[in-house]
A.B. asks: 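This structure is in structure tokens; I'll ask about it shortly.
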2 protein chains.
Amino acid sequence: MSSTRSLQYRVLHDRLKKEIVKGIYKIGDTLPSENDLCAATNLARSTVRHALLQLEKEGYIVKQRGKGSIVAATRRSLGLLSFQGFSASVNGSSVSTLSVQVPKISPWPSPFFFPLSIEEEHAGCISFSRVRKIEADRVMWETTYLPNLNLPRFARTFKVEHSFFEFLAVHHQVEITGMVQEIRAIHADVRTAKHLRIKKGDALLVINRKYSTSRSSLNIYSTLYCNTNKYAMSNSSGTMPS
Amino acid sequence: MSSTRSLQYRVLHDRLKKEIVKGIYKIGDTLPSENDLCAATNLARSTVRHALLQLEKEGYIVKQRGKGSIVAATRRSLGLLSFQGFSASVNGSSVSTLSVQVPKISPWPSPFFFPLSIEEEHAGCISFSRVRKIEADRVMWETTYLPNLNLPRFARTFKVEHSFFEFLAVHHQVEITGMVQEIRAIHADVRTAKHLRIKKGDALLVINRKYSTSRSSLNIYSTLYCNTNKYAMSNSSGTMPS
DNA sequence: CAGTGGTCTAGACCACTTT
DNA sequence: AAGTGGTCTAGACCACTGG
């Protein structure tokens with residue numbers, strides 16, 4: 001199924017990852033110790049360690065000497081610009097989502113902001129659109145586009161209020177593996193101004209993103225219009241103290 | 001000197017890293033093979049591999065089965081927003097730098113856009129400012145701030161036309177280890193408009209950054225005003241195909 | 001073909017955390 | 001003291017690259 005033949009560390013890694021994603025191990029739980037895993041799988045410890053190191057690199061667990069391998073947030077979000085960590089915790093502020101357009105099938109917008117493959121072009125496009133709020137402020141208008149490809153019943157089963165990436169992981173075993181984005185400052189047009197409750201001409205941040213996924217034919221695209229008047233977009237990378 | 005005691009994989013890692021940074025191994029060169037390194041260091045192969053895996057994770061080398069460990073770009077630049085790779089290659093377009101303010105010692109701007117430690121506050125501030133051009137277009141006005149701390153003769157020796165991070169690495173053995181940034185869209189004020197040759201009120205992208213370095217007391221701060229009318233800012237993370 | 005890195009084993013000792 | 005992950009050894013076989 002998944003490209004690689006049967007590398008033993010891969011098999012163990014995949015098994016543990018599935019168990020984490022499915023919730024058999026919950027955030028904060030401790031995985032079986034390396035020695036336990038050795039005993040259970042009949043693998044050498046370095047092989048078990050290799051599997052765990054992969055999981056750690058992917059952000060699924062954190063290893064702590066003397067304690068064990070502890071399940072971390074199910075999903076990393078490295079390098080993504082976000083409102084200080086959007087869907088998750090924004091300093092305890094209440095975050096909410098308004099549906100602007102439920103998933104619908106349509107042709108790709110033209111011109112599109114990233115070049116499309118023939119396969120994608122051909123498949124047609126599913127798009128949906130939503131507005132994100134922090135407290136009472138409308139801070140972001142987001143439209144997501146994806147090819148209508150091997151995602152049966154998607155348009156009917158996805159609820160716009162949920163996390164899209166979580167939905168893909170749980171229902172389609174699709175994970176985000178990379179992202180490229182392009183950022184500009186523009187003046188708001190009438191339509192955008194209306195969605196974000198600002199004035200036409202106000203300064204606005206627009207981000208065009210392309211996500212690659214674990215399914216090589218599936219890329220996901222999105223456009224974000226961000227009102228940064230009150231909340232800035234932020235991100236970090238590398239190791240920052242405290 | 002460097003925190004860790006004398007882990008053997010660390011020692012080898014540090015040695016190879018220095019040799020790469022100093023140019024003993026140049027970009028594209030192949031490092032000695034794992035077996036050669038084993039022989040030269042009297043270490044087991046897995047220990048040598050551990051050292052090389054660290055280097056790979058940091059972006060100094062790329063390992064290729066059947067070929068060897070190949071030296072990659074001396075410096076990763078993960079997650080940094082840039083004009084499609086600024087100082088380096090912007091599609092062959094000619095990039096240039098104008099000096100607006102040579103390094104000078106002054107108090108920290110107040111209010112500053114990131115909280116400062118007492119030590120930093122105390123040390124005073126060195127700042128300099130420059131405008132970046134692509135072809136004839138002024139695309140970015142950048143001001144950099146750093147504490148006047150353990151960098152003897154910096155204000156006199158640094159030339160604003162050079163790469164600041166390269167200067168720090170070569171002359172002060174300081175490396176960037178992480179970054180956090182905050183991004184907003186604003187309307188240009190008169191001063192910024194003048195530097196970038198745009199009209200007051202034009203939409204502008206402003207980025208405030210804090211870099212942490214390998215010297216724990218030394219953080220570097222910068223503010224970037226970007227005219228994204230013609231050139232967007234972009235970056236990528238994770239693994240993107242092609 | 002020889003040489004490279006990738007996987008894997010079966011041990012060992014150490015540093016740290018918890019009981 | 002018992003259990004955890006971190007480091008390290010000295011082997012082995014495999015898959016891939018190049019001459």
Side-chain angles (χ1 to χ4, degrees), chain A residues 1-17 19-20 24-73 177 239, chain B residues 1-17 19-20 25-73 239:
Chain A
M1 201 65 18
S2 60
S3 54
T4 48
R5 265 176 312 295
S6 68
L7 300 180
Q8 310 198 60
Y9 81 88
R10 247 300 143 193
V11 171
L12 176 57
H13 165 276
D14 289 353
R15 196 198 91 200
L16 292 171
K17 186 165 120 179
E19 293 177 344
I20 291 172
I24 296 174
Y25 299 113
K26 296 185 175 44
I27 294 177
D29 285 1
T30 304
L31 294 188
S33 75
E34 297 182 351
N35 284 322
D36 287 353
L37 289 171
C38 291
T41 58
N42 268 306
L43 295 175
R45 190 164 153 231
S46 75
T47 304
V48 168
R49 278 181 65 74
H50 194 165
L52 293 176
L53 287 174
Q54 290 298 117
L55 284 175
E56 183 176 42
K57 199 164 72 174
E58 296 167 349
Y60 286 99
I61 62 171
V62 175
K63 308 184 95 212
Q64 290 185 38
R65 192 202 303 240
K67 290 188 170 176
S69 298
I70 296 164
V71 178
T177 57
T239 60
Chain B
M1 203 60 23
S2 61
S3 55
T4 49
R5 266 173 313 294
S6 68
L7 300 179
Q8 311 199 61
Y9 82 87
R10 249 298 142 195
V11 172
L12 176 57
H13 164 275
D14 290 352
R15 196 198 93 202
L16 291 172
K17 185 164 122 180
E19 293 177 345
I20 292 172
Y25 299 111
K26 296 185 176 45
I27 295 177
D29 285 1
T30 304
L31 292 188
S33 76
E34 297 181 352
N35 284 322
D36 287 354
L37 288 171
C38 291
T41 58
N42 268 308
L43 295 174
R45 194 168 150 227
S46 76
T47 305
V48 168
R49 279 181 65 74
H50 195 164
L52 293 176
L53 287 173
Q54 290 297 118
L55 284 175
E56 184 178 41
K57 199 164 70 174
E58 295 166 351
Y60 286 99
I61 63 171
V62 175
K63 307 184 97 215
Q64 289 185 38
R65 187 193 321 229
K67 290 188 172 178
S69 298
I70 295 163
V71 177
T239 60

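Keep in mind that the numbers below use all heavy atoms, side chains included, and drop hydrogens, waters and symmetry copies. Chain identifiers are assigned alphabetically (A, B, ...) following the order of the sequence lines, protein sequences preceding nucleic acid strands; residue numbering begins at 1 within each chain.
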A.B. asks: Side-chain N or O of B:Ser69 versus OP1/OP2 of C:dT4: is the shortest distance under 4.0 Å?
C.D. replies: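 Looking at the OP1 and OP2 atoms of C:dT4, neither is under 4.0 Å from any side-chain N or O of B:Ser69.
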A.B. asks: Among D:dT4, D:dG5, C:dG5, find the nucleotide with the atom closest to the side chain of A:Glu34.
C.D. replies: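 Shortest atom-to-atom distance from the side chain points to D:dG5.
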A.B. asks: Choosing from C:dT9, C:dA15, D:dC8, which nucleotide comes nearest the side chain of A:Arg65?
C.D. replies: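 When the side chain of A:Arg65 is considered, C:dA15 is the closest of C:dT9, C:dA15, D:dC8.
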A.B. asks: List in chain and number order the residues that pass ring-ring contact (aromatic ring centres under 6.0 Å, His included) with B:His50, two or more places apart in sequence or in another chain; answer none if no residue qualifies.
C.D. replies: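 ring-ring contact (aromatic ring centres under 6.0 Å, His included) list for B:His50, sorted by chain: B:Tyr9.
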A.B. asks: How would you list, by chain and number, every residue that makes a side chain to side chain contact (heavy atoms under 4.5 Å, CB included) with A:Arg45, sequence neighbours excluded?
C.D. replies: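 For A:Arg45, the residues satisfying side chain to side chain contact (heavy atoms under 4.5 Å, CB included) (neighbours in sequence not counted) are A:Glu34, A:Asn35, A:Cys38, A:Arg49.
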A.B. asks: Under 4.0 Å from OP1 or OP2 of D:dC16: is there any side-chain N or O of B:Lys67 that close?
C.D. replies: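 No, because none of the side-chain N or O atoms of B:Lys67 sits under 4.0 Å from OP1 or OP2 of D:dC16.
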A.B. asks: On DNA chain D, nearest-nucleotide positions of A:Gln64 versus B:Val48: which is more 5'?
C.D. replies: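 Result: A:Gln64.
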A.B. asks: Please report, rounded to the nearest Å, how far the C1' atom of D:dG3 is from the CG atom of A:Leu31.
C.D. replies: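 Rounded to the whole Å, the gap is 16 Å.
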A.B. asks: Once you round it to whole Å, what is the distance between P of D:dT7 and CG of B:Leu53?
C.D. replies: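 From B:Leu53 CG to D:dT7 P: 12 Å.
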A.B. asks: Can you tell me the distance, in whole Å, between the CG atom of A:Asn35 and the C1' atom of D:dG6?
C.D. replies: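 Result: 12 Å.
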A.B. asks: At under 4.0 Å, does any side-chain N or O of B:Lys63 touch on OP1 or OP2 of C:dT4?
C.D. replies: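 Answer no for this pair, as no side-chain N or O of B:Lys63 is under 4.0 Å from OP1 or OP2.
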A.B. asks: Assuming nearest nucleotide by heavy-atom distance, tell me which of A:Gly66 and A:Thr47 is located more 5' along DNA chain C.
C.D. replies: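 Residue closer to the 5' terminus by nearest nucleotide: A:Thr47.
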A.B. asks: Show me the protein contacts with nucleotides 10-13 of chain C, counting only N or O atoms at under 3.5 Å.
C.D. replies:
unit_1 : atom_1 : unit_2  : atom_2 : d
C:dA12 : N6     : A:Arg45 : NH1    : 3.3

A.B. asks: A:Tyr9 has an atom OH; how far is it from atom C1' of D:dC14, in whole Å?
C.D. replies: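 The distance from OH of A:Tyr9 to C1' of D:dC14 comes to 14 Å, rounded to the nearest Å.
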A.B. asks: State which of D:dG5, C:dT7, D:dT7 makes the closest approach to the side chain of A:His50.
C.D. replies: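 Nearest to the side chain of A:His50 among the choices is C:dT7.
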A.B. asks: List for me each residue that meets side chain to side chain contact (heavy atoms under 4.5 Å, CB included) alongside B:Glu19, sequence neighbours excluded, and say none if there are none.
C.D. replies: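 Checked B:Glu19 against side chain to side chain contact (heavy atoms under 4.5 Å, CB included); matches are B:Arg15, B:Leu16, B:Ile24, B:Tyr25.
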